[in-house]
Amino acid sequence: MKNFSLKDSRITDGFWANRQTINAENTIPAVYNRFKETGRFDALKCEKKETPTHIFWDSDVAKWLESAAYLLFRKEDKQIRAWYDEAVEDICKSQREDGYFNSFFQVYEPDKIFTVRDKHELYCAGHLFEAAVAGKQYLNDDRLLNFSEKYVNYIYERFVEKKDASFRSPGHEEIELALLKLYELTGKEKYKELSAFFIDMRGTEEDLAHLGDAYYTKTPSYAQAQCPVREQTEAMGHSVRATYLYIAMADLARITGDKELREATEKLFENIVDKKMYITGGIGCTNVGERFASAYHLPNATSYTETCAAIGLALFCDRMQQLTGEAKYGHVFERALYNGVLSGISLDGDKFFYTNPLEMDIDLFRYNRALLTAQSYTPIPERVKVFGCSCCPPNITRFIEELPSFIWYADEEKNELILSQYISSSLSNDFVDAFVSSSFPQSGKVCVKVDSKGKKITLKLRIPQWCDKKFENAKDGYLVYEGVFNGEEICVDFEMKVKLAYANGNVWENSGRTAVTYGPIVFCAEGKDNDFALPKVAISDAQNAVLEKTEDGYALRLQLPAYLLKNTKALYTFESPEYEEITLQMIPYFAWANRGENDMRVWFPYKR
């Protein structure tokens, strides 16, 4: 299977068209301005400053450049074009004659190039290569592509030919998937070979014997090096690094037909989804190393769930969809998209979350922040404009711009077309013309028009995981239609309902609790809307829920009959608890924390 480029697929209207407008008008300029203020763009000139450049600033800028390339293809913007051109010129001018570029190492520690595994040199290079592919593909701009070809040659010489680098595989994966993007753009075997070298080397005896000056030498699982990749069955270590590796593994398996790599990615995906993923599609539960923990360890108030990790999971789903064509990957992409990814950005588009908790006790947060020493880890209750580590903001901007390419998939040799995400959009190329009119996430109604250009094709529409409706033409998670399509309209109502969701009993914090959902949306309650303490609320059912569809950024609001535990005078008592009936006001999880500091809860006790 393959997805379609932005040249073929575009979002036309609805919920995600609005998000793309906010991205273009607010988010991408806001991220540029904050990066300019903090010195990220000036660092590209590679001029020594009193305060050194951060080791991964190049990657922040590269993701912004990738976002800008996608946006400029969609709509011209003179200011963004000027910023884009200036940054690209600075990068190309600062590149060394031998091809190397890194605004930190070549200025401040040139004697330590490729000696410190965990200082993100290859990670930064990978993001620059992704920006180069976007620039060439959508703006017909060769500058960063030429830059990348020189840089890849240098990396290949150091790691494959001379093997004089102090380590064998990157500490933070990213370059592997970027090299495969370069390969698919140019057809040059060297890029595929170098990606395969890094993938195949990870976790081998040679890799572990050459870790350089790595901080996590004693825990190779942190960087997914506990064993060779084809032997890995459990998602371990830093969650963003892990998903970027798995993306590259899936890409390489698709390109080469490597069955062992495919089997490994399938097992790793199942491990994440069955044992290590939040209901929001968030992954990486602990702040200790931003990593996966043991199975079913999914705390709410201290959940780390970095925004980049949710994006990484969504991109992994995209690659697995391409590799296998199976509907389950579209299910998880949808879950992450509407919850774990979208929660990382404010409704107005200029503030961000790095981490995304599923519960906020604002009094506990203030208490922990008041401690001068030994603070307990507590996620922040409001989004901010920039972080010291600002990988997430430009990751969101590029993801929202690239979203049209994750809607449709096709196997043109088999004349098979899959609609995976229900986003109002158009698709037009030599294979088909298609149009989607979708009311997601406000309702499950979708209409699809397809012109198969005289060919008999198999059209598949993914049946969402939350849909209870039975269809006669359902097969393997899809609605299946066959024939020659001449623009006929197929309309389906997947019948979104307010439903209660329950966690596996092995999830300690959520055993006996329930969460409220509506189609792909996970709901939460905020203190701002409810004049009672959220921990005292219990939920029984969702049959009498009242759903309000709005035209604001929230899209949905919900009133749910619930029960409030009555207070007793004693801290503890032998009396059975008493409840009073109340109405709980709820909003989509992605929309919380847009009205100041606030209590918030996703999971509630289930009252029979």
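All values reported here derive from a predicted model rather than from experimental measurement. Numbers here simply count residues along the sequence, with the first being 1.
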Worksheet item: Would you say Ser9's side chain and Pro404's backbone share a donor-acceptor pair under 3.5 angstrom?
Response: yes
Worksheet item: Is Lys49 salt-bridged to Asp42, cutoff N-O under 4.0 Å?
Response: no
Worksheet entry | Salt-bridge contact Glu234-Lys275 (side-chain N to carboxylate O under 4.0 Å) | no
Item to complete: Indicate yes or no: does Lys190 engage Glu149 in a salt bridge with an N to O separation below 4.0 Å.
Response: no
Discussion item. Check the orientation of Phe56 and His54. Use parallel for under 30°, tilted for 30 to 60°, and perpendicular for over 60°.
Written reply: tilted
Worksheet item: With no hydrogens and no angle check, do the side chains of Arg117 and Ser169 hold a donor and an acceptor under 3.5 Å apart?
Response: yes
Worksheet item: When you look at Tyr151 and Phe129, which way does the ring-ring contact (aromatic ring centres under 6.0 Å, His included) test go after all the steps?
Response: CA-CA 9 Å; Tyr151 198 176; Phe129 299 162; 5.7 Å; yes
Worksheet entry | Charged N-O contact under 4.0 Å between Asp350 and Arg383 | no
Item to complete: Classify the ring geometry between Tyr138 and Phe73 as parallel (under 30°), tilted (30 to 60°) or perpendicular (over 60°).
Response: tilted
Item to complete: Any ring-ring contact (aromatic ring centres under 6.0 Å, His included) involving residues 31-52? Give me the pairs, sequence neighbours left out, ordered by first then second residue.
Response: Tyr32-Phe41, Tyr32-Trp64, Tyr32-Trp83, Phe41-Trp64
Discussion item. Side chains of Tyr246 and Gln224 only: does a donor on one sit below 3.5 Å from an acceptor on the other?
Written reply: no
Worksheet item: Would you say His210's side chain and Leu208's backbone share a donor-acceptor pair under 3.5 angstrom?
Response: no
Worksheet item: Is the closest side-chain heavy-atom distance between Gln322 and Asn3 below 4.5 Å?
Response: yes
Worksheet item: Do the charged groups of Glu37 and Lys385 touch, with an N to O distance under 4.0 Å?
Response: no
Discussion item. Could you tell me if the side chain of Pro170 sits less than 4.5 Å from the side chain of Arg241, heavy atoms only?
Written reply: no
Practice prompt. Kindly say whether the aromatic ring centers of Phe4 and Phe431 come within a distance under 6.0 Å.
Written response: no
Worksheet item: Okay, side chain of Asp58, backbone of Ser103: is any donor-acceptor separation there less than 3.5 Å?
Response: yes
Practice prompt. Output all residues satisfying side chain to side chain donor-acceptor pair (under 3.5 Å) with Asp98, sequence neighbours left out; order by chain, then residue number.
Written response: Arg96
Item to complete: Check the angle between the aromatic planes of Phe114 and Phe159 and answer parallel, tilted or perpendicular using the 30° and 60° thresholds.
Response: perpendicular
Practice prompt. Could you tell me whether the side chain of Tyr278 and the main chain of Pro299 form a donor-acceptor pair under 3.5 Å?
Written response: yes
Worksheet entry | Of Arg19, Arg74, Lys75, the residue whose pairing with Glu401 passes salt bridge (charged side-chain N to carboxylate O under 4.0 Å, His left out) | Arg74
Worksheet item: Can we say Asp90 and Lys93 salt-bridge, meaning some charged N sits less than 4.0 Å from an Asp/Glu carboxylate O?
Response: no
Worksheet item: Does the pair Glu174/Lys63 count as a salt bridge with the N-to-O cut at 4.0 Å?
Response: no
